[in-house]
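Report on one structure; see the data block that follows.
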Amino acid sequence: MNSLMWAALDSHVIAKRNVIKIKRVPEVLMFVLISPIMFVLLFAYVFGDSIAIPGGSYREFLIGGIFAQTVVFGATFTGAGLADDMQKGIIDRFRALPMSRAAVLVGRTASDVIYNVLSLLIMALTGLVVGWRIHNGLVDAAFGFALLLAFAYAFSWVMAYVGLIVPSVEVINNASFVVIFPLTFVANTFVPSENLPGVLRTFAEWNPVSAVTQAARDLFGNIPPGTPEPTVWPLQNAVLYTIIWIIVIIAIFAPLSVNRYRKAR
Amino acid sequence: MSTIEAKGLVKHYGDVKALDGLDLYVPEGNILGLLGPNGAGKTTAVNILTTLIRPTDGTATVAGADVLKSPGKVRKRIGLSGQFAAVDENLTGYENLDMIGRLYRLGREPARIRARELLDRFDLTDAADRPVKTYSGGMRRRLDLAGAIVAEPPVLFLDEPTTGLDPRSRTEMWGVIRDLVGKGTTLLLTTQYLEEADQLADDIVVIDHGREIAHGTADDLKAMIGGERVEVTVTTVDAIARASEILATFSGGEVQTNERTRKLIAPMSGGSAEFRHVLRDLEDAGITVYDVGMRRPTLDDVFLTLTGDVAESDEVRDAEKVGT
């Protein structure tokens with residue numbers, strides 16, 4: 001077997017270990033599943049009537065944003081999982097084994113996709129209950145979900161890197177909020193970016209979270225007819241812009257994280 | 001050539017020198033005990049030899065492979081059991097060993113068989129399919145040790161394998177370790193306990209502040225620091241001088257005194273008969289003792305004898321925690 005195949009096999013072994021953990025500590029999974037439900041219900045019923053979307057329903061507009069926000073939040077699990085392994089000394093055991101240097105990270109980011117698949121599924125079901133619908137056919141919708149998952153996967157590499165740097169799980173849980181809140185709120189997730197003032201608007205327009213949200217809305221058919229075309233390139237080409245970000249994030253953070261893992265501490 | 005060979009290992013964490021020029025040689029099939037207090041640099045040395053950290057300076061080879069130039073080769077030939085039982089709490093004992101076997105690339109079926117075999121050998125069969133979080137400290141250590149030998153590596157590193165264990169688990173662990181090395185494994189063991197090094201090691205290197213301060217067999221070291229000791233604590237500072245004179249007549253002149261704790265320590269070779277003489281002479285001199293006893297030499301005595309200092313070094317200990 002060549003080294004790439006070994007790396008894949010090692011990653012599979014690590015991913016399997018993480019999946020066992022998901023089963024053994026169901027509390028984590030429970031919160032992963034409850035929080036998106038809470039978000040959908042909160043925004044749909046608390047803000048649902050106070051934010052007007054010209055020609056459409058806020059609830060339909062909202063779902064794409066909540067999808068994007070939730071998968072970005074989900075990436076925190078990757079960082080927290082790695083920080084936990086570092087703290088408990090398991091990473092040192094792995095690092096002294098003749099296994100692939102990328103496997104712990106590849107296995108971790110891969111197994112965390114499960115969280116995102118499940119939370120997207122739960123959110124979609126909750127969305128359907130509160131009145132969200134897919135209008136563009138299942139193929140486009142499937143592509144929308146795939147794009148959200150790919151973006152989540154890329155973002156989990158960012159948090160993997162953070163997880164290897166921070167000294168403890170507590171730190172990463174707090175630190176991630178500082179990054180994730182602005183990223184998911186200064187965007188078109190909950191309000192149209194045109195409604196934001198000056199600098200915030202520009203940030204929101206170029207924010208990759210806006211692009212993935214816009215792409216999802218577009219692919220689910222949740223942009224009401226008559227809505228003015230976006231005026232900036234990233235939102236006009238949301239799918240392409242999202243894919244570019246996915247590639248750039250992985251290209252930067254995967255090697256950075258593996259390098260950090262090699263040298264850990 | 002020695003199976004483990006380290007020359008001039010230096011590791012700095014900022015201003016703190018965790019290792020300051022350490023040499024180690026362990027011939028094939030031998031057990032080296034690396035003895036020292038917390039923060040002496042034991043874990044740092046193990047971490048360098050197991051490729052976890054890079055030394056600031058120095059070279060090392062393990063089983064013929066250079067730890068800096070071919071760390072991958074080193075990892076194939078070593079097993080490591082660390083200070084903090086690095087097993088996954090959420091996996092069962094079996095799942096832990098199976099995973100490690102797969103990561104050593106034994107193959108699916110051999111990894112399974114090996115896992116069951118080790119659980120049996122380490123007396124963990126009954127707990128094999130329970131998550132490790134339900135294990136006792138001793139069971140975790142045994143599982144961790146089993147993890148280190150999954151691939152039957154020719155070289156083994158055990159970093160304080162019994163620290164924090166109760167006396168019974170410690171004795172059990174010694175039995176397990178002795179069994180292991182009966183088979184020709186080369187072992188580097190770190191410990192804070194002279195007794196442990198004595199029980200297990202062929203050769204002992206005593207380190208402090210990242211440097212070797214003594215080297216020899218357990219017998220050599222004991223000869224160096226003498227046999228048993230009598231320890232006397234007197235009730236008043238005034239009595240120290242007189243008590244010291246009395247003890248000196250038994251120890252051939254050597255007595256350590258501490259004014260603050262009013263404690264005197266003197267080597268003694270005559271066993272309990274001599275001990276009774278000491279008590280009688282103290283009584284005859286009208287010295288009231290607060291506490292008195294015989295005891296075997298400890299690591300503290302080694303340090304007192306070798307460095308004239310007690311065995312502690314909090315500064316480096318903290319640095320090592322952060323650094324390793």
Side-chain angles (χ1 to χ4, degrees), chain A residues 1-29 80-82 84-108 111 165-169 259-265, chain B residues 13 43-44 46-47 49-54 62 65 67 70-92 94-96 98-108 111 130-134 144 147-148 150-151 153 157 159 320-324:
Chain A
M1 279 213 264
N2 62 33
S3 62
L4 205 64
M5 283 165 75
W6 275 121
L9 204 63
D10 291 346
S11 304
H12 171 76
V13 173
I14 296 289
K16 202 175 117 191
R17 164 204 174 227
N18 298 337
V19 172
I20 292 175
K21 186 171 176 175
I22 297 177
K23 283 192 288 187
R24 297 266 156 82
V25 195
E27 295 85 354
V28 176
L29 189 61
L82 281 170
D84 189 42
D85 285 350
M86 290 278 283
Q87 225 174 344
K88 292 195 174 135
I90 294 171
I91 293 279
D92 275 350
R93 158 143 267 155
F94 289 142
R95 289 180 64 240
L97 289 175
M99 60 189 281
S100 154
R101 305 277 95 186
V104 169
L105 300 166
V106 173
R108 167 66 63 180
S111 59
I165 298 176
V166 296
S168 74
V169 183
N259 198 38
R260 179 75 196 179
Y261 170 87
R262 279 170 180 279
K263 292 193 202 143
R265 304 189 210 196
Chain B
Y13 293 109
T43 299
T44 308
V46 168
N47 285 350
L49 293 171
T50 54
T51 77
L52 293 179
I53 58 175
R54 295 173 69 89
V62 172
V67 296
S70 28
K73 276 188 191 155
V74 173
R75 287 181 205 119
K76 280 185 191 145
R77 297 169 194 173
I78 60 167
L80 165 67
S81 174
Q83 215 177 123
F84 307 102
V87 284
D88 193 319
E89 304 203 298
N90 296 301
L91 301 191
T92 64
Y94 167 74
E95 285 163 348
N96 265 290
D98 178 52
M99 171 181 74
I100 294 168
R102 297 297 306 277
L103 294 174
Y104 266 114
R105 297 170 177 175
L106 299 184
R108 184 187 296 260
R130 262 179 18 215
V132 171
K133 58 180 136 194
T134 66
D144 194 52
V150 163
F157 294 88
D159 190 13
E320 197 167 16
K321 249 184 218 156
V322 173
T324 54

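No hydrogens, no waters, no symmetry mates; every other heavy atom, side chains included, goes into these values. Keep in mind the model is a prediction, meaning the values are calculated, not measured. Within every chain, numbering begins at 1; the chains are lettered A, B, ... in the order of the sequence lines, protein sequences first and strands thereafter.
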Counting heavy-atom pairs under 4.5 Å to chain A, which of [options] comes out on top?
options	result
B:T92, B:D88, B:I100	B:D88
B:P71, B:G147, B:G79	B:G147
B:N90, B:L80, B:I78, B:V74	B:N90

Find out whether A:L82 and A:R260 are in side-chain contact, i.e. whether some heavy atom of one side chain is under 4.5 Å from a heavy atom of the other.
-> no
pair B:N96-A:R93: side-chain heavy atoms closer than 4.5 Å = no
Between the side chains of A:N18 and A:S111, does any donor sit under 3.5 Å from an acceptor?
->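 A pair is found: one side chain offers a donor N or O, the other an acceptor, under 3.5 Å apart.
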Nearest heavy-atom neighbours spanning B:R105 and A:S100 = NH2-N, 3.2 Å
Interface residue of largest heavy-atom contact number with chain B, from A:V25, A:D10, A:I14, under 4.5 Å =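 So the answer, after comparing A:V25, A:D10, A:I14, is A:D10.
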Report the residue from B:T51, B:T50, B:V67 that forms a side-chain contact (heavy atoms from CB on, under 4.5 Å) with B:V62.
->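 Result: among B:T51, B:T50, B:V67, B:V67 is the only option passing the side-chain contact (heavy atoms from CB on, under 4.5 Å) with B:V62.
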Contacting moiety of B:A151, where chain A heavy atoms sit under 4.5 Å = neither
Contact class of A:K23 relative to chain B, heavy atoms under 4.5 angstrom = neither
